[in-house]
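This one's a predicted model, so the numbers in the text were calculated from it and none came from an experiment.
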Amino acid sequence: MTTPDLDLTTTKPGHHPLRDRVLALDRRLFEAAAGRHWPGADPVLPRLGRGANHGALWFAAAAALAASRTPRARRAATRGLASLGLASLAVNTLGKRSVRRPRPALDPVPLIRQLKRQPITTSFPSGHAASAAAFATGVALESPVWGAVVAPVAASVALSRVCTGVHFPSDVLAGAALGVGAAFAVRGLVPTRSQVTPPARPRAEVPALLEGEGLVLVANTAAGTAERARALRDELPRAEIVECEPQDVAAELEKAAGRARALGVCGGDGTVNTAARVALRHRLPLAVLPGGTLNHFAYDLGVEDARDLARALRQGDAVRVDVGRFSCGDEHGVFLNTCSVGVYPELVRERERWSHRIGGWPAGVLAARRVLRTGRHPLEAEFQGRTRPLWLLFAGNGTYHRVGLAPGRRLDLADGQLDVRVVHGGRRPAARLLAAALAGPLTRSPVHAAVQVGRLRLDHVAPGTLLAHDGEVIDVEGSVTLEKLPEALTVYRPITGY
């Protein structure tokens, strides 16, 4: 048995007294708003409504936000459009089809405000109001500042739908509520940055560098850091910026450590890894400005751009974070993000062979195809007292959590744990790796395992096995030990303003 559509009209008094009173009030509010003269706004409101047709106004606003080139603004634009898309889907598939309310009469609307082309869909709820509220709320959830800029425009679009006579006030309110709900639904699936920013602990005592005096920042020019380094210099005019080629980064960081009160670095995760080793040796606080292709450590800290880092440096805000360490014979190193053996290092090495010839993305696809089609397991080692073939062993510096559909993020950079994920050997490596990725922290499976430990030892690692740490790849064999250095590194990060 199907439920009939609700016919929300105002022509059936007496059947539902409460509904009739609400609809009568709604009609009076419409007549008051539509019949009122709005000095200066009468010619503007119809144009505003037309501009929002099919979301055109909001796509233009998203493009303007993205043009600001700040990560927070780009995320706000993306979240706003995702929220708008979900709200439009809900309006068109559920709202308009479930409630068949006719459009209001145009009698009280001045001719100057009447639309030349009247909508032909039903009135309840307002799709324009839903889209406006969804976009504005989505932007505000990611960036309150940009949300405050967008909100008046969204409110004006919603108001225009009543003033031009195409919607009752209740249509607009229902649409706005639906739009706000869509934005929060998107946030439930993909959390905002503020939801996954790790706690500001444990706090560390560091010097406050009001204008950057004492900061020496080494920037890897291959990572496209010039613009970000200039932005930091604008924020901290007395900071020293050293730009160098990738092969000179380690040497320049050593030189900088000899004269710095705080060691700074601008680059990707590999460059930051090099800076962390220098900072640990010299016992200096580290200031990380993301500037490479991958910036997982900086983003997990909550540092997205020069303004975030400058605020932390000026206020002397810093925390202590864990560092991962690996050792294999005479080979030693640290990792701030991840360390892995098996398929992933093979993919990295294979991708590097082809990327300069065919480009990064095609090289990645080709590398995956070559590695996953091989008949041999890239790793065979003793793990948890048993020698077995493995497709992948991944160890994260800190526990990775998944919230909604978003990729795993670390919510605590000083939890003392290695997040170890193992994909066992066997047939169909691609299916096994995909199952492990989808399962996340599931700890028991014939295909994979996940444990959190403070130390891990792999024995009987075959010669020529590759180990990747923060994107860098080396050869290992014999015994490999992974362990944590709890709260070993002091890092500047913004603590206020979240």
Side-chain angles (χ1 to χ4, degrees), residues 5-10 22-23 26-27 29-31 33-34 41 44-65 76-106 108-109 113-141 147 150-187 189:
D5 294 334
L6 175 62
D7 186 9
L8 189 59
T9 68
T10 59
V22 170
L23 294 178
D26 195 25
R27 186 168 60 253
L29 290 174
F30 165 76
E31 292 171 351
V44 174
L45 292 174
R47 294 191 182 97
L48 192 61
R50 287 195 301 269
N53 286 346
H54 308 295
L57 176 63
W58 309 121
F59 282 104
L65 287 175
T78 303
R79 186 172 296 279
L81 291 180
S83 303
L84 182 153
L86 181 59
S88 298
L89 180 66
V91 167
N92 293 320
T93 60
L94 296 176
K96 297 288 188 182
R97 296 184 181 184
S98 300
V99 181
R100 297 178 176 179
R101 186 182 198 180
R103 299 276 176 173
L106 293 176
V109 184
R113 287 210 305 270
Q114 293 184 18
L115 300 181
K116 294 180 180 179
R117 301 179 66 178
Q118 293 294 319
I120 60 174
T121 58
T122 55
S123 184
F124 186 94
S126 168
H128 280 65
S131 297
F135 184 82
T137 305
V139 168
L141 288 174
V150 173
V153 182
S156 299
V157 168
L159 178 64
S160 74
R161 305 307 287 172
V162 177
C163 294
T164 55
V166 295
H167 280 293
F168 290 102
S170 61
D171 303 336
V172 170
L173 290 176
L178 192 152
V180 171
F184 277 92
V186 170
R187 190 180 72 162
L189 294 173

Indicate every side-chain donor-acceptor pair of residues 150-159 with a distance under 3.5 Å to a residue at least two apart or in another chain.
from	atom 1	to	atom 2	distance (Å)
S156	OG	P152	O	2.8

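In this structure S131 satisfies the side-chain contact (heavy atoms from CB on, under 4.5 Å) test together with W58, L84, S88, sequence neighbours excluded. Residues meeting the side-chain contact (heavy atoms from CB on, under 4.5 Å) test with F184, sequence neighbours left out: T137, L141, V180, R187. By the side-chain contact (heavy atoms from CB on, under 4.5 Å) test, A76 pairs with V139, E142, S143, sequence neighbours left out. A174 is linked by a side-chain contact (heavy atoms from CB on, under 4.5 Å) to F124, P125, counting only residues two or more places apart in sequence or in another chain.
No side-chain donor-acceptor contact under 3.5 Å links N92 to the backbone of L89.
For the residue pair A77 and F135, the shortest heavy atom distance occurs at O-CE1, 4.3 Å. Residues A133 and A176 approach most closely at CB-O, 3.5 Å, considering heavy atoms. Residues A183 and A134 come closest through the heavy atom pair CB-O, 3.9 Å.
Within the model, atoms CG of L81 and CG of L86 stand 13.0 Å from one another, a figure rounded to the nearest 0.5 Å. In this structure, CZ in R79 is found 13.5 Å from CG in L65, a value given to the nearest 0.5 Å.
Taking 4.5 Å as the limit, every side-chain heavy atom of H128 sits out of range of all side-chain heavy atoms of V172.
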